[in-house]
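Counting starts at 1 for both ligands and their atoms, in listed order.
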Amino acid sequence: MIFSQVELAPADPILGLTDAFKADTRKGKVNLGVGIYKDESGLTPILRSVKLAEEKLLSSEKSKSYLGIEGVEAYNRVVQELLFGATHDVVTAKRALTAQAPGGTGSLRVAAEFLVRNTESKTIWVSNPTWANHQNIFKSAGLAIKQYRYYQAETHGKDFEAMLEDLKTAKAGDLVLLHGCCHNPTGIDLTEQEWHTIADLCLSQGLVPLFDFAYQGFGAGVDEDAQGLRIVAAKVPELLIANSFSKNFGLYNERIGAVTLVGDTTESVTKAFSQVKSTIRGNYSNPPAHGALIVSTILGDDELKQLWESELSEMRERIAQMRSLFVESLKHEGVTQDFSFISSQNGMFSFSGLSKAQVTQLKDEHAVYIVGSGRISVAGMTKENMPVICKAIAAVL
Ligand code: LMR
(Lines give C-alpha, C1' and ligand atoms only; values in the text may rest on other atoms or scores of the structure.)
Protein backbone atom coordinates (compact mmCIF):
# COMPACT_ATOMS: atom_id res chain seq x y z
CA MET A 1 0.00 0.00 0.00
CA ILE A 2 1.43 3.38 -0.91
CA PHE A 3 -1.44 5.85 -0.51
CA SER A 4 -1.78 5.38 3.24
CA GLN A 5 1.70 6.87 3.64
CA VAL A 6 0.63 10.11 1.99
CA GLU A 7 0.01 13.00 4.34
CA LEU A 8 -3.22 14.95 4.13
CA ALA A 9 -2.61 18.25 2.30
CA PRO A 10 -3.73 21.43 4.03
CA ALA A 11 -6.76 23.11 2.44
CA ASP A 12 -5.82 25.62 -0.26
CA PRO A 13 -5.87 29.12 1.29
CA ILE A 14 -8.14 30.44 -1.51
CA LEU A 15 -9.89 27.57 -3.30
CA GLY A 16 -10.25 25.65 -0.01
CA LEU A 17 -12.47 28.50 1.16
CA THR A 18 -14.82 27.93 -1.78
CA ASP A 19 -15.18 24.29 -0.71
CA ALA A 20 -15.94 25.34 2.87
CA PHE A 21 -18.38 27.98 1.61
CA LYS A 22 -20.26 25.46 -0.53
CA ALA A 23 -20.58 23.13 2.45
CA ASP A 24 -21.91 25.95 4.67
CA THR A 25 -25.71 25.65 5.02
CA ARG A 26 -26.28 29.05 6.67
CA LYS A 27 -28.61 31.48 4.88
CA GLY A 28 -27.13 34.81 3.78
CA LYS A 29 -23.54 33.45 3.62
CA VAL A 30 -21.16 35.58 1.54
CA ASN A 31 -18.02 34.40 -0.29
CA LEU A 32 -15.43 37.16 -0.70
CA GLY A 33 -12.53 34.72 -0.88
CA VAL A 34 -11.64 33.78 -4.44
CA GLY A 35 -11.25 36.60 -6.98
CA ILE A 36 -14.29 36.16 -9.17
CA TYR A 37 -16.25 39.09 -10.55
CA LYS A 38 -19.93 39.22 -9.65
CA ASP A 39 -22.45 41.58 -11.19
CA GLU A 40 -25.02 43.54 -9.18
CA SER A 41 -27.28 40.47 -9.05
CA GLY A 42 -24.48 38.35 -7.59
CA LEU A 43 -23.82 36.34 -10.76
CA THR A 44 -20.57 35.80 -12.65
CA PRO A 45 -21.79 36.69 -16.14
CA ILE A 46 -20.57 35.44 -19.50
CA LEU A 47 -19.64 38.63 -21.35
CA ARG A 48 -21.80 39.47 -24.38
CA SER A 49 -18.67 39.78 -26.52
CA VAL A 50 -17.72 36.24 -25.47
CA LYS A 51 -21.17 34.84 -26.33
CA LEU A 52 -21.08 36.51 -29.75
CA ALA A 53 -17.59 35.16 -30.42
CA GLU A 54 -18.72 31.69 -29.38
CA GLU A 55 -21.70 31.87 -31.74
CA LYS A 56 -19.35 32.81 -34.56
CA LEU A 57 -17.02 29.96 -33.68
CA LEU A 58 -19.77 27.39 -33.44
CA SER A 59 -20.86 28.06 -37.01
CA SER A 60 -17.40 28.50 -38.52
CA GLU A 61 -15.20 25.91 -36.80
CA LYS A 62 -14.30 23.12 -39.17
CA SER A 63 -11.98 20.86 -37.21
CA LYS A 64 -11.00 19.79 -33.72
CA SER A 65 -7.56 18.64 -34.82
CA TYR A 66 -4.60 19.27 -32.45
CA LEU A 67 -3.19 22.76 -32.12
CA GLY A 68 0.57 23.25 -32.34
CA ILE A 69 2.47 23.09 -29.05
CA GLU A 70 2.33 26.88 -28.70
CA GLY A 71 -1.41 27.05 -29.40
CA VAL A 72 -3.45 29.33 -31.65
CA GLU A 73 -1.14 31.56 -33.70
CA ALA A 74 -3.59 34.46 -34.07
CA TYR A 75 -4.13 34.36 -30.32
CA ASN A 76 -0.43 34.61 -29.55
CA ARG A 77 -0.20 37.64 -31.83
CA VAL A 78 -3.07 39.51 -30.15
CA VAL A 79 -1.70 38.66 -26.71
CA GLN A 80 1.52 40.50 -27.57
CA GLU A 81 -0.40 43.52 -28.85
CA LEU A 82 -2.42 43.66 -25.67
CA LEU A 83 0.65 43.33 -23.46
CA PHE A 84 3.02 45.70 -25.23
CA GLY A 85 0.92 47.69 -27.70
CA ALA A 86 1.41 47.10 -31.44
CA THR A 87 4.32 49.51 -31.81
CA HIS A 88 6.53 48.56 -28.84
CA ASP A 89 10.10 47.70 -29.77
CA VAL A 90 9.85 44.11 -28.51
CA VAL A 91 7.00 43.51 -30.97
CA THR A 92 8.38 45.33 -34.00
CA ALA A 93 11.91 43.94 -33.45
CA LYS A 94 10.42 40.44 -33.07
CA ARG A 95 12.07 39.94 -29.71
CA ALA A 96 9.00 38.34 -28.09
CA LEU A 97 7.55 34.87 -28.53
CA THR A 98 4.31 33.73 -26.94
CA ALA A 99 2.82 30.35 -26.17
CA GLN A 100 -0.80 29.91 -25.17
CA ALA A 101 -1.04 28.21 -21.77
CA PRO A 102 -3.74 27.16 -19.31
CA GLY A 103 -4.56 30.30 -17.32
CA GLY A 104 -2.19 32.39 -15.25
CA THR A 105 -1.20 29.43 -13.09
CA GLY A 106 -0.34 27.20 -16.06
CA SER A 107 1.63 30.04 -17.65
CA LEU A 108 3.63 30.66 -14.47
CA ARG A 109 4.29 26.96 -14.09
CA VAL A 110 5.54 26.59 -17.69
CA ALA A 111 7.75 29.66 -17.26
CA ALA A 112 9.20 28.39 -13.98
CA GLU A 113 9.84 24.88 -15.23
CA PHE A 114 11.46 26.21 -18.42
CA LEU A 115 13.80 28.37 -16.29
CA VAL A 116 14.75 25.57 -13.91
CA ARG A 117 15.44 23.09 -16.71
CA ASN A 118 17.40 25.38 -18.98
CA THR A 119 18.99 28.28 -17.13
CA GLU A 120 21.10 29.11 -14.09
CA SER A 121 18.19 31.17 -12.71
CA LYS A 122 17.00 28.99 -9.85
CA THR A 123 15.91 31.60 -7.30
CA ILE A 124 12.83 33.78 -7.50
CA TRP A 125 12.10 36.83 -5.35
CA VAL A 126 8.43 37.36 -4.55
CA SER A 127 6.77 40.24 -2.72
CA ASN A 128 5.75 39.85 0.91
CA PRO A 129 2.82 39.27 0.76
CA THR A 130 2.02 37.72 -2.59
CA TRP A 131 -0.68 35.57 -4.18
CA ALA A 132 -1.03 32.45 -2.03
CA ASN A 133 -0.39 30.10 -4.97
CA HIS A 134 2.95 31.59 -6.06
CA GLN A 135 5.02 29.64 -3.56
CA ASN A 136 3.24 26.42 -4.47
CA ILE A 137 3.80 26.88 -8.22
CA PHE A 138 7.44 27.90 -7.95
CA LYS A 139 8.37 25.25 -5.39
CA SER A 140 6.73 22.53 -7.50
CA ALA A 141 8.79 23.67 -10.47
CA GLY A 142 12.00 23.53 -8.41
CA LEU A 143 12.71 27.23 -7.82
CA ALA A 144 14.06 28.46 -4.49
CA ILE A 145 11.97 31.34 -3.11
CA LYS A 146 13.10 34.55 -1.43
CA GLN A 147 10.91 37.43 -0.35
CA TYR A 148 11.26 41.17 -0.80
CA ARG A 149 9.39 43.53 1.49
CA TYR A 150 6.51 45.35 -0.18
CA TYR A 151 3.67 46.11 2.21
CA GLN A 152 3.78 48.21 5.33
CA ALA A 153 1.07 47.20 7.78
CA GLU A 154 1.18 50.41 9.87
CA THR A 155 0.45 52.69 6.91
CA HIS A 156 -1.56 50.17 4.85
CA GLY A 157 0.79 51.29 2.08
CA LYS A 158 3.82 50.25 0.13
CA ASP A 159 7.37 50.23 1.43
CA PHE A 160 9.25 50.92 -1.80
CA GLU A 161 12.54 51.70 -0.05
CA ALA A 162 12.45 48.30 1.67
CA MET A 163 11.65 46.61 -1.65
CA LEU A 164 14.71 48.22 -3.22
CA GLU A 165 16.89 47.42 -0.24
CA ASP A 166 15.96 43.72 -0.45
CA LEU A 167 16.29 43.47 -4.21
CA LYS A 168 19.73 45.07 -4.03
CA THR A 169 20.88 41.89 -2.26
CA ALA A 170 19.68 39.69 -5.16
CA LYS A 171 22.32 38.06 -7.34
CA ALA A 172 22.73 38.42 -11.11
CA GLY A 173 20.41 35.95 -12.81
CA ASP A 174 17.91 35.86 -9.95
CA LEU A 175 14.28 36.15 -10.99
CA VAL A 176 11.97 38.87 -9.64
CA LEU A 177 8.25 38.23 -9.65
CA LEU A 178 6.44 41.50 -10.38
CA HIS A 179 2.67 41.97 -10.37
CA GLY A 180 1.93 43.86 -13.61
CA CYS A 181 -1.00 45.69 -12.03
CA CYS A 182 -3.60 45.26 -9.27
CA HIS A 183 -1.12 43.64 -6.90
CA ASN A 184 -2.62 40.51 -5.38
CA PRO A 185 -3.37 40.61 -2.47
CA THR A 186 -2.66 44.24 -1.51
CA GLY A 187 -4.12 46.18 -4.44
CA ILE A 188 -1.15 48.56 -4.13
CA ASP A 189 0.81 49.16 -7.34
CA LEU A 190 4.08 50.82 -8.29
CA THR A 191 4.01 54.36 -9.68
CA GLU A 192 5.44 55.19 -13.10
CA GLN A 193 8.61 56.52 -11.49
CA GLU A 194 8.95 53.41 -9.32
CA TRP A 195 8.63 51.17 -12.38
CA HIS A 196 11.54 53.06 -13.95
CA THR A 197 13.56 52.57 -10.78
CA ILE A 198 12.82 48.83 -10.72
CA ALA A 199 13.68 48.51 -14.41
CA ASP A 200 17.01 50.30 -13.81
CA LEU A 201 17.73 48.08 -10.82
CA CYS A 202 17.02 44.88 -12.81
CA LEU A 203 19.25 46.18 -15.57
CA SER A 204 22.19 47.16 -13.37
CA GLN A 205 22.06 43.96 -11.29
CA GLY A 206 21.25 41.52 -14.07
CA LEU A 207 17.93 40.48 -12.48
CA VAL A 208 15.31 38.84 -14.68
CA PRO A 209 11.72 40.05 -14.24
CA LEU A 210 8.87 37.56 -14.39
CA PHE A 211 5.58 39.42 -14.67
CA ASP A 212 2.39 37.95 -13.32
CA PHE A 213 -0.20 39.89 -15.30
CA ALA A 214 -3.65 38.61 -14.42
CA TYR A 215 -5.72 41.78 -14.05
CA GLN A 216 -5.03 43.90 -17.15
CA GLY A 217 -7.92 46.35 -17.44
CA PHE A 218 -9.09 46.02 -13.83
CA GLY A 219 -6.92 48.90 -12.56
CA ALA A 220 -7.15 52.01 -14.74
CA GLY A 221 -7.54 50.57 -18.27
CA VAL A 222 -6.00 48.12 -20.72
CA ASP A 223 -3.08 50.32 -21.81
CA GLU A 224 -2.73 52.17 -18.50
CA ASP A 225 -2.34 48.88 -16.61
CA ALA A 226 0.41 47.73 -18.97
CA GLN A 227 2.53 50.80 -18.24
CA GLY A 228 4.89 49.03 -15.83
CA LEU A 229 5.46 46.07 -18.13
CA ARG A 230 6.09 48.35 -21.10
CA ILE A 231 8.58 50.46 -19.14
CA VAL A 232 10.49 47.39 -17.96
CA ALA A 233 10.40 45.74 -21.41
CA ALA A 234 11.86 48.90 -22.96
CA LYS A 235 14.87 48.80 -20.63
CA VAL A 236 15.55 45.21 -19.61
CA PRO A 237 16.72 42.88 -22.40
CA GLU A 238 15.30 39.61 -21.06
CA LEU A 239 12.05 39.01 -19.23
CA LEU A 240 9.07 36.69 -19.02
CA ILE A 241 5.36 37.39 -18.77
CA ALA A 242 2.62 35.06 -17.57
CA ASN A 243 -0.76 36.58 -18.35
CA SER A 244 -4.32 35.44 -17.84
CA PHE A 245 -7.72 36.18 -19.37
CA SER A 246 -9.70 34.61 -16.53
CA LYS A 247 -10.72 37.97 -15.11
CA ASN A 248 -10.72 40.51 -17.93
CA PHE A 249 -12.66 38.24 -20.32
CA GLY A 250 -14.49 36.38 -17.53
CA LEU A 251 -13.08 33.14 -18.97
CA TYR A 252 -12.29 31.54 -15.61
CA ASN A 253 -13.14 27.96 -16.49
CA GLU A 254 -11.63 28.05 -19.97
CA ARG A 255 -8.16 28.28 -18.38
CA ILE A 256 -6.74 30.67 -20.92
CA GLY A 257 -3.49 32.56 -20.53
CA ALA A 258 -0.06 32.75 -22.13
CA VAL A 259 3.62 32.69 -21.41
CA THR A 260 5.73 35.23 -23.32
CA LEU A 261 9.52 35.35 -23.52
CA VAL A 262 11.28 38.58 -24.40
CA GLY A 263 14.91 38.19 -25.47
CA ASP A 264 17.66 40.56 -26.53
CA THR A 265 17.61 39.26 -30.12
CA THR A 266 15.20 37.29 -32.31
CA GLU A 267 17.78 34.54 -32.54
CA SER A 268 18.28 34.08 -28.80
CA VAL A 269 14.58 34.21 -27.99
CA THR A 270 13.79 31.70 -30.75
CA LYS A 271 16.31 29.25 -29.31
CA ALA A 272 15.02 29.70 -25.76
CA PHE A 273 11.42 29.43 -26.90
CA SER A 274 12.10 25.98 -28.38
CA GLN A 275 12.67 24.85 -24.77
CA VAL A 276 9.42 26.48 -23.63
CA LYS A 277 7.72 24.30 -26.25
CA SER A 278 9.59 21.25 -24.99
CA THR A 279 8.40 22.05 -21.45
CA ILE A 280 4.80 22.31 -22.65
CA ARG A 281 5.09 19.03 -24.60
CA GLY A 282 6.29 17.28 -21.45
CA ASN A 283 3.36 18.62 -19.43
CA TYR A 284 0.18 18.61 -21.50
CA SER A 285 1.44 18.29 -25.08
CA ASN A 286 -0.57 21.18 -26.52
CA PRO A 287 -3.30 23.44 -25.18
CA PRO A 288 -7.08 23.28 -25.58
CA ALA A 289 -8.45 25.61 -28.27
CA HIS A 290 -11.71 27.15 -27.14
CA GLY A 291 -10.58 29.96 -24.82
CA ALA A 292 -7.86 31.11 -27.22
CA LEU A 293 -10.27 31.16 -30.14
CA ILE A 294 -12.71 33.29 -28.14
CA VAL A 295 -10.02 35.83 -27.27
CA SER A 296 -8.52 35.97 -30.77
CA THR A 297 -12.00 36.26 -32.35
CA ILE A 298 -12.87 39.19 -30.10
CA LEU A 299 -9.58 41.02 -30.41
CA GLY A 300 -9.47 40.40 -34.16
CA ASP A 301 -12.85 42.04 -34.77
CA ASP A 302 -13.22 45.81 -34.24
CA GLU A 303 -16.86 45.67 -33.13
CA LEU A 304 -16.37 42.77 -30.72
CA LYS A 305 -13.24 44.39 -29.36
CA GLN A 306 -15.12 47.61 -28.67
CA LEU A 307 -17.91 45.70 -26.96
CA TRP A 308 -15.37 43.81 -24.82
CA GLU A 309 -13.65 47.05 -23.82
CA SER A 310 -16.96 48.56 -22.74
CA GLU A 311 -17.85 45.43 -20.77
CA LEU A 312 -14.45 45.51 -19.12
CA SER A 313 -14.95 49.17 -18.17
CA GLU A 314 -18.35 48.26 -16.72
CA MET A 315 -16.74 45.62 -14.48
CA ARG A 316 -13.95 48.00 -13.44
CA GLU A 317 -16.39 50.79 -12.64
CA ARG A 318 -18.70 48.55 -10.65
CA ILE A 319 -15.78 47.38 -8.51
CA ALA A 320 -14.73 51.01 -7.95
CA GLN A 321 -18.28 51.85 -6.83
CA MET A 322 -18.27 48.90 -4.42
CA ARG A 323 -14.96 50.11 -3.01
CA SER A 324 -16.41 53.53 -2.12
CA LEU A 325 -19.65 52.01 -0.88
CA PHE A 326 -17.66 49.62 1.31
CA VAL A 327 -15.80 52.50 2.99
CA GLU A 328 -19.06 54.47 3.44
CA SER A 329 -21.01 51.47 4.73
CA LEU A 330 -18.37 50.68 7.36
CA LYS A 331 -18.78 54.23 8.66
CA HIS A 332 -22.54 53.81 8.56
CA GLU A 333 -22.22 50.70 10.75
CA GLY A 334 -20.40 52.81 13.33
CA VAL A 335 -16.83 51.77 12.51
CA THR A 336 -14.55 54.59 13.60
CA GLN A 337 -11.28 53.00 12.47
CA ASP A 338 -10.00 54.66 9.28
CA PHE A 339 -10.59 52.40 6.27
CA SER A 340 -10.17 55.13 3.65
CA PHE A 341 -7.01 53.39 2.35
CA ILE A 342 -9.35 50.85 0.70
CA SER A 343 -10.42 53.52 -1.81
CA SER A 344 -6.94 53.88 -3.23
CA GLN A 345 -6.30 50.15 -3.77
CA ASN A 346 -6.50 48.76 -7.33
CA GLY A 347 -8.21 45.76 -8.83
CA MET A 348 -10.47 43.10 -7.41
CA PHE A 349 -9.11 42.99 -3.89
CA SER A 350 -8.95 45.01 -0.76
CA PHE A 351 -6.28 44.22 1.79
CA SER A 352 -8.29 45.01 4.89
CA GLY A 353 -5.73 44.68 7.67
CA LEU A 354 -8.10 42.31 9.54
CA SER A 355 -6.25 39.77 11.68
CA LYS A 356 -6.38 35.99 11.26
CA ALA A 357 -8.56 35.76 14.39
CA GLN A 358 -10.99 38.34 12.98
CA VAL A 359 -11.11 36.49 9.66
CA THR A 360 -11.97 33.26 11.48
CA GLN A 361 -14.63 35.03 13.52
CA LEU A 362 -16.16 36.49 10.35
CA LYS A 363 -16.49 32.97 8.94
CA ASP A 364 -17.56 31.16 12.08
CA GLU A 365 -19.96 33.72 13.51
CA HIS A 366 -21.17 35.61 10.44
CA ALA A 367 -20.74 33.25 7.44
CA VAL A 368 -18.62 35.88 5.69
CA TYR A 369 -15.66 34.26 3.93
CA ILE A 370 -12.46 36.18 3.21
CA VAL A 371 -8.86 34.98 2.74
CA GLY A 372 -6.78 34.40 5.89
CA SER A 373 -4.42 37.26 5.00
CA GLY A 374 -7.34 39.68 5.38
CA ARG A 375 -7.81 39.94 1.60
CA ILE A 376 -11.40 40.73 0.62
CA SER A 377 -12.72 40.32 -2.92
CA VAL A 378 -14.47 43.64 -3.55
CA ALA A 379 -15.55 42.19 -6.89
CA GLY A 380 -17.90 39.89 -4.96
CA MET A 381 -19.67 42.73 -3.14
CA THR A 382 -23.11 43.96 -4.19
CA LYS A 383 -25.47 46.64 -2.86
CA GLU A 384 -27.50 43.78 -1.44
CA ASN A 385 -24.79 41.95 0.50
CA MET A 386 -22.92 45.11 1.58
CA PRO A 387 -24.87 45.71 4.83
CA VAL A 388 -24.38 42.06 5.89
CA ILE A 389 -20.64 42.29 5.22
CA CYS A 390 -20.16 45.62 6.99
CA LYS A 391 -22.26 44.67 10.01
CA ALA A 392 -20.16 41.50 10.35
CA ILE A 393 -16.87 43.43 10.09
CA ALA A 394 -18.10 46.02 12.60
CA ALA A 395 -18.91 43.18 14.99
CA VAL A 396 -15.42 41.62 14.85
CA LEU A 397 -13.37 44.81 15.08
C1 LMR B 1 -7.43 34.64 -6.60
O2 LMR B 1 -6.37 35.11 -6.20
O3 LMR B 1 -8.45 34.57 -5.91
C4 LMR B 1 -7.53 34.16 -8.03
O5 LMR B 1 -6.36 34.38 -8.70
C6 LMR B 1 -8.03 32.78 -8.15
C7 LMR B 1 -7.05 31.75 -7.68
O8 LMR B 1 -6.80 30.82 -8.45
O9 LMR B 1 -6.54 31.84 -6.56
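Ring-plane geometry between Phe341 and His156 is classed as parallel, the angle between the planes falling under 30 degrees on a 0 to 90 degree scale with a further cut at 60.
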Distance-only donor-acceptor hits, side chain of residues 27-36, under 3.5 Å, sequence neighbours excluded:
residue: Lys29; atom: NZ; partner: Phe21; partner atom: O; Å: 2.8
residue: Lys29; atom: NZ; partner: Asp24; partner atom: O; Å: 2.7
residue: Asn31; atom: OD1; partner: Gly33; partner atom: N; Å: 2.9

Side-chain donor-acceptor pairs under 3.5 Å in residues 176-185, sequence neighbours left out?
residue: His179; atom: ND1; partner: Asn184; partner atom: N; Å: 3.2
residue: His179; atom: NE2; partner: Thr130; partner atom: OG1; Å: 2.9
residue: His183; atom: ND1; partner: Thr186; partner atom: N; Å: 3.4
residue: His183; atom: ND1; partner: Thr186; partner atom: OG1; Å: 2.8
residue: His183; atom: NE2; partner: Ser127; partner atom: OG; Å: 3.0
residue: Asn184; atom: OD1; partner: Arg375; partner atom: NH1; Å: 2.7
residue: Asn184; atom: ND2; partner: Tyr215; partner atom: OH; Å: 3.3

Pick out the protein N or O atoms lying less than 3.5 Å from any N or O of ligand 1, and list each pair with its distance.
residue: ligand 1; atom: 2 (O); partner: Trp131; partner atom: NE1; Å: 3.0
residue: ligand 1; atom: 2 (O); partner: Asn184; partner atom: ND2; Å: 3.1
residue: ligand 1; atom: 2 (O); partner: Arg375; partner atom: NH1; Å: 2.8
residue: ligand 1; atom: 3 (O); partner: Gly35; partner atom: N; Å: 2.7
residue: ligand 1; atom: 3 (O); partner: Arg375; partner atom: NH2; Å: 2.8
residue: ligand 1; atom: 5 (O); partner: Lys247; partner atom: NZ; Å: 3.2
residue: ligand 1; atom: 9 (O); partner: Trp131; partner atom: NE1; Å: 3.1

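Between the side chain of Thr98 and the backbone N or O of Thr260, no donor-acceptor pair lies under 3.5 Å.
Each side-chain hydrogen bond (donor to acceptor under 3.5 Å, both in side chains) pair with one or both residues in residues 45-60, not counting sequence neighbours, appears once here: Ser49-Glu311, Glu54-His290, Lys56-Asp301.
Annotation: side chain of Leu164 is in contact with side chain of Ile198 (closest heavy-atom distance under 4.5 Å).
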